[in-house]
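Hydrogens, waters and symmetry mates play no part in the numbers below; they use all other heavy atoms, side chains included. Chain naming here is simple, since letters A, B, ... match the order of the sequence lines and numbering starts at 1 in each.
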2 protein chains.
Amino acid sequence: MSERKKTTITDIARELDVTPSTVSRALNNHPRISDSTKKAVWNLVKKLNYQPNNIATALRNGKSNFIGVIVPTSDRYFFASVIRGIEEVVREEGYNLIICQSDEQTNKEQKNIDALLQIQVDGIIASVAKATTEFSYFEKIINQNVPLVLYDRAGENLNVNSVVCDDYRGAYNAVSHLIEQGCTNIAHFAGQQHIKIYKDRLNGYLDALKDHGLEINERFIIESDLINDTDIILGAGAKMTNNLFSLSETPDGIFSASDFAALGAIKALKSNGISIPDEVALIGFSNDFSSSVIEPGLTSLDQHTKKMGMNAGKLFLEQIKDPKKINHPKSIVLEPKLVIRESSSIKKNTTSEVFSS
Amino acid sequence: MSERKKTTITDIARELDVTPSTVSRALNNHPRISDSTKKAVWNLVKKLNYQPNNIATALRNGKSNFIGVIVPTSDRYFFASVIRGIEEVVREEGYNLIICQSDEQTNKEQKNIDALLQIQVDGIIASVAKATTEFSYFEKIINQNVPLVLYDRAGENLNVNSVVCDDYRGAYNAVSHLIEQGCTNIAHFAGQQHIKIYKDRLNGYLDALKDHGLEINERFIIESDLINDTDIILGAGAKMTNNLFSLSETPDGIFSASDFAALGAIKALKSNGISIPDEVALIGFSNDFSSSVIEPGLTSLDQHTKKMGMNAGKLFLEQIKDPKKINHPKSIVLEPKLVIRESSSIKKNTTSEVFSS
DNA sequence: CTGAAAGCGCTTACAG
DNA sequence: CTGAAAGCGCTTACAG
């Protein structure tokens, strides 16, 4: 078996009796290279199946054309969709993505950041791991003047470009919708409160209750880590639901900060013969594909994940093109869209949405 | 704003009054460097926050430590899980993954391959796009002596390492299970027959019928592209089901080569008041998360996706370590596991699996 | 229109 | 134990 033999610019130059400089320029379509040499070079390139060595170019140019993307976990539809959005935008400008998973753990997140910096990425697009409470590692990126864009979960005090959801508004609208449907005792499955998105969702919930003159019942607010493991969170959602319904006073609505916990709740309610949405209406968050699969369909908040990715990509490109702008970082805020399904359509059970999410 | 200033080995050398050679050796823990210099180097590395430049190392060593991974689409749980498996195995050996999506299209697949080769990946792990019928581009990888490992969808005549499912056996077992449950008229939602996995699934279906003395009804075999877009395939599954049930003779079982088509079928059957599994039993393929969400739960075939990824990673590492072995490529075949849920439990409706997939 | 030369940051065979 | 030198494959300012 022959060695991995790769044709180089030098090989082409030798064959054509010119210098590597000329070949390089021909390949880059430099204006002051004659058409005849360009043609000769191109022909030979085809014939020898020459592949430029990006690594060498990267070293020479100080630009790798890599963007590091950190996702807390790629097992979820949410993040896969964000990646698609990023890719669509940056691929056109010749960037390749290096995707890393932090698994929601701070130490993995830090390892990812170090690895990406060593690879000399031109920028990092990240969503902060749930466990992370302190952002010095992200400051490390900034200090090395590597463009950083955060999406969905942004560090509150980091002065960087970001694209996030208006979680407060989403929660507020969801709970208001439940109230409009006639719910008066609405429970909330909350996430860990050191994470901004979950704090915002809780606040949206609280303010919607207040603004509608409803009382807040502390026992109806259940905080948990809303872990991403689908098997576990389904069971956890069911357990929280069963706990809720062992109270003397029970809710007639649940707003869950996670779709999966809400799915577990639906399963638990059904197996206890509690009718949805008539006795209890539910709303989840994220509009995962499975919320259109379950019956009754789960009302949820679509976070425009692909759009989120595309915006993150755009912010990155802007920052690359005009590095000074970073002194005035932008935060793009997307308003989540309430996708209403059967789980919250108490009165007007008109068209049940079956085949689209 | 200061330039992106990166400390280099040369900087450290100058500061310590030694040569870059020494610093490089110290960093690589070379045995013939004194402990004192090593210590001095390490201290300065910490202090200056030195990050080795992997790009330079890659160029010098002719080894990038990148592995290119091509997935037909990362929107699906299936592939996300494979990636996890690969990553877990190869990360330990210092490899980073570059993930590309072909979106099931041959031209994107080819672009991905070219991009990966230019980036000088040390190997490529890929699953062939559905549209691809001819494998010259994969031969290009092989001709450049870049290790290639295929997973799930392998080119039939490509002589490379691969890890695949025993789709024939999985289908055979699924259909046999339906027959054991009492089904005698079993329909099949088939995929495109130029793709080996779908051909194998069809053959497993056919042979199971034959071996159990059941007749084959051509009108019960419906071929389609089983497109990955969840919204579309749900509707398509429903439509195929409605067509089936407009025939004079209707099936009492459906074996679908795709989970999503089966989900669509369940929705259609339910809205037509046809009871599952009593009147029609169903089995899907892939054991997507959503098959445990729908009610009744969809029986499906688990493909051990993470294990598939881990095996692909291992095959790659083996090949890197002993390049000669590739003359005798290995094919690891995983047996899919039938995960039985309510959709196929006609008689023995014992324990309904609710919170685990 | 093309060439000669230097350099991106690292590593390693050769020498001492 | 350490240094001087060459080179990985490319690009580009300088020169002609």
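- D:dT12 and D:dG16 are spaced 16 Å apart, taking the C1' atom of each and rounding to whole Å.
- Taking the P atoms as reference points, D:dA6 lies 23 Å from D:dT2, given to the whole Å.
- For the residue pair B:N161 / B:Q319, a side-chain donor-acceptor distance below 3.5 Å is found, with atom types taken as modelled.
- Looking at DNA chain C, the stems built from 3 or more consecutive Watson-Crick or G-U wobble pairs, each pair with its key distances under 3.5 Å, are C:1-3 with D:14-16, C:5-12 with D:5-12, C:14-16 with D:1-3.
- With DNA chain D read from its 5' end, the first of the two nearest nucleotides for B:R25 and A:N28 is the one closest to B:R25.
- Residue A:T106 is tested with A:T133, A:T132, A:V128 for a side chain to side chain contact (heavy atoms under 4.5 Å, CB included); the sole match is A:T132.
- Across the P atoms, D:dA15 and D:dT11 are found 22 Å apart, a figure rounded to whole Å.
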Under the salt bridge (charged side-chain N to carboxylate O under 4.0 Å, His left out) rule, what do A:D103 and A:K130 come out as? Steps first, then yes or no, please.
CA-CA 9 Å; A:D103 294 333; A:K130 278 191 189 175; over 6 Å; no
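- As rounded to the nearest Å, D:dA13 and D:dG9 have P atoms that lie 23 Å from one another.
- With respect to B:K6 and B:D11, no salt bridge is recorded, no charged nitrogen being found less than 4.0 Å from a carboxylate O.
- When heavy atoms are screened at a 4.0 angstrom cut-off, B:S24 is found touching base atoms of the nucleic acid.
- If you check every strand for non-hydrogen atoms under 4.0 Å, B:L59 touches a base.
- When only modelled atom types and interatomic distance are considered, A:S102 and A:E104 share no side-chain donor-acceptor pair under 3.5 Å.
- Screening B:L148, B:L158, B:V160, B:V121 against B:I141 for a side chain to side chain contact (heavy atoms under 4.5 Å, CB included) leaves a single residue, B:L148.
- Aromatic pair B:F66/A:F66: ring centres closer than 6.0 Å.
- Inspection of the A:K47 and A:N49 side chains reveals no N or O donor paired with an N or O acceptor under 3.5 Å.
- Using a 4.0 Å heavy-atom distance criterion, A:S21 is classed as a base contact.
- Nucleotides of DNA chain D lying under 4.0 Å from heavy atoms of chain B occupy a range whose first and last members, 5' to 3', are D:dC1 to D:dG9.
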Pair B:E93, B:K314 - check salt bridge (charged side-chain N to carboxylate O under 4.0 Å, His left out), show working.
CA-CA 11 Å; B:E93 308 266 334; B:K314 279 180 200 154; over 6 Å; no
